[in-house]
Every structure is written in C-alpha cells, then in structure tokens.
Amino acid sequence: MTHDLSEGPAGQAGPSRQPVGRDGLAAYIRDVPDYPQPGVLFKDITPLLADAAAFAATVDALAELAGDVDAVVGIEARGFMLAAPVAFRAGAGFVPVRKAGKLPAPTLSAAYALEYGEAVLELREGTLAPGARVLVVDDVLATGGTLAATVGLLERSGAQVVGIAVLLEIAALGGRQALPGRSISALLQA
Ligand SMILES: O=P(O)(O)OC[C@H]1O[C@H](OP(=O)(O)OP(=O)(O)O)[C@H](O)[C@@H]1O
Ligand SMILES: Nc1ncnc2[nH]cnc12
C-alpha cells in the first residue's frame with residue numbers, strides 16, 4: 001500500500017498512518033539542493049525515520065535481506081539508525097563502524113573519501129569472530145567510498161561480508177564500481 005497524501009504531509013511524526021509499501025518509500029525522502037555544499041543534491045531520510053509506517057516498512061524490507069548472518073554492521077551515523085533495528089528484527093548482533101576517535105583501542109582504521117568530503121572510519125578489533133558472516137547496512141550508496149572502506153575494515157578483521165543493503169542508491173554516482181563483486185541490494189534508486 002502507498003502513502004495516502006490526503007492524510008497530510010508524508011514523513012511527519014504524529015498519529016499512526018496506513019501501512020507503507022516498499023514502492024511508497026520514495027515519498028518520504030526529501031531532496032535538499034546544495035547541501036551540505038554547492039552541487040550536492042542531499043537525500044534527507046529524516047521524514048522517513050519520523051513516520052512509523054515508513055520506518056517499519058524500511059526496517060522490514062532490509063531485514064528480509066539479512067538471511068542467516070551473525071551480525072548486521074552499521075556505519076555512523078545514519079547507518080546506525082537503520083542497521084540497529086534491522087539487526088534486532090533479523091535476530092542478529094549489531095556491530096558499529098564509527099568515525100575516528102569514538103571507539104576504544106584496539107581498532108582498525110581506514111581513511112576514505114565520500115561525495116562531499118573525507119573521513120576516517122574505525123572498527124573495534126575482536127568485535128567479530130573470525131569468519132563471522134555479516135550484512136552491512138547503510139542509508140545511502142553514493143560514490144561508494146564509505147561502504148568500500150567499511151568492507152575493507154571488516155575483511156581485515158577476518159569477517160565475511162555476505163552482502164550490502166542500503167535504503168537508497170544514487171546510481172549516477174557509480175558506487176557499485178567501488179564495490180566490485182559485492183552483492184548489493186538497494187530498496188530505492190535515485
Ligand atoms: O557513497 P558515499 O559517497 O561514500 O556516501 C555515502 C555515505 O554518506 C553519508 O554519510 P556521512 O559521512 O555524511 O555521515 P552521517 O551518516 O554521519 O550523516 C551516508 O550516510 C553514507 O554513509
Ligand atoms: N547526496 C547524498 N545525500 C545523502 N547522503 C549522502 N551521502 C553521500 N551523498 C549523499
């Protein structure tokens with residue numbers, strides 16, 4: 001079922017709404033031109049998170065992709081908002097990949113570039129057992145820099161990345177090319 005716009009604006013927290021189907025999720029993502037810098041069309045997922053039905057439909061759809069993984073890995077910060085409930089729904093553990101300086105040592109680190117900047121991600125060593133099967137969940141796949149760095153950290157730690165699942169893929173930015181051979185599922189394409 002899709003969101004009935006006669007109920008009011010999509011993506012506002014408030015009284016419960018009709019269930020939202022996967023096809024209806026795009027209505028809950030807001031385009032913000034020139035944010036956080038000129039030339040970037042920012043895909044704002046906060047309306048989707050604020051709407052109970054759209055949030056539930058997103059978590060359910062991503063959890064269906066998890067299969068029998070040991071853990072769902074989320075990337076700070078927006079990735080956490082989806083990956084933690086997906087892990088819970090899938091009956092798997094949750095493992096955070098964090099921006100630099102937020103996890104106690106020992107950590108593995110990877111520097112990377114994303115659509116609008118550069119950063120460093122870290123994974124706590126020993127969080128995942130050798131050979132652990134993991135699904136990586138994030139909100140947006142843009143250039144793929146963030147997910148490629150995350151996959152690299154996980155493999156350095158000895159985990160097996162069995163899949164990547166995102167809410168939204170911005171296909172024009174070519175993120176799949178940064179992740180050759182990976183199983184990537186996107187609920188929505190921009
Ligand atoms: O495919 P890429 O070009 O690498 O971009 C995708 C990443 O960009 C955003 O994270 P951001 O670093 O902006 O952090 P946030 O989640 O803390 O907002 C988003 O949540 C993805 O992780
Ligand atoms: N255009 C975009 N919108 C939202 N998140 C992003 N992360 C990288 N590029 C993005």
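Just so you know, ligand 1 is whichever comes first in the structure, and atom 1 is the first atom listed for that ligand.
For ligand 1, the polar-atom distance check finds no N/O of Leu114 at less than 3.5 Å from any of the ligand's N/O atoms. The shortest N or O to N or O distance between Asp139 and ligand 2 is not under 3.5 Å.
The shortest contact between atom 6 (C) of ligand 2 and any protein heavy atom is with Tyr116 OH, 3.5 Å. In terms of protein heavy-atom proximity, atom 11 (P) of ligand 1 is nearest to Arg78 NH2, 3.7 Å. Atom 13 (O) of ligand 1 has its closest protein heavy atom at Tyr116 OH, 2.6 Å. The closest protein non-hydrogen atom to atom 21 (C) of ligand 1 is Asp138 OD2, 3.2 Å.
Cluster note: Leu103 groups with no other residue, as no ILVMFWY side-chain heavy atom lies under 4.5 Å from it.
Using the six-membered ring where Trp is involved, Tyr35 and Phe42 have ring planes that are perpendicular, over 60° apart on the 30 and 60° scheme.
By the criterion of a heavy-atom distance under 4.0 Å, the side chain of Glu115, and not its backbone, is placed next to ligand 2. At a 4.0 Å heavy-atom cut-off, ligand 2 touches Leu41 through the backbone alone.
Inter-residue side-chain proximity for Leu167 and Ile29 is flagged as met; some heavy-atom pair is nearer than 4.5 Å. Counting only heavy atoms from C-beta outward, the side chains of Ile170 and Leu41 never approach each other to under 4.5 Å.
The CG atom of Leu153 sits 8.5 Å away from atom CD of Glu122, with the distance rounded to the nearest 0.5 Å.
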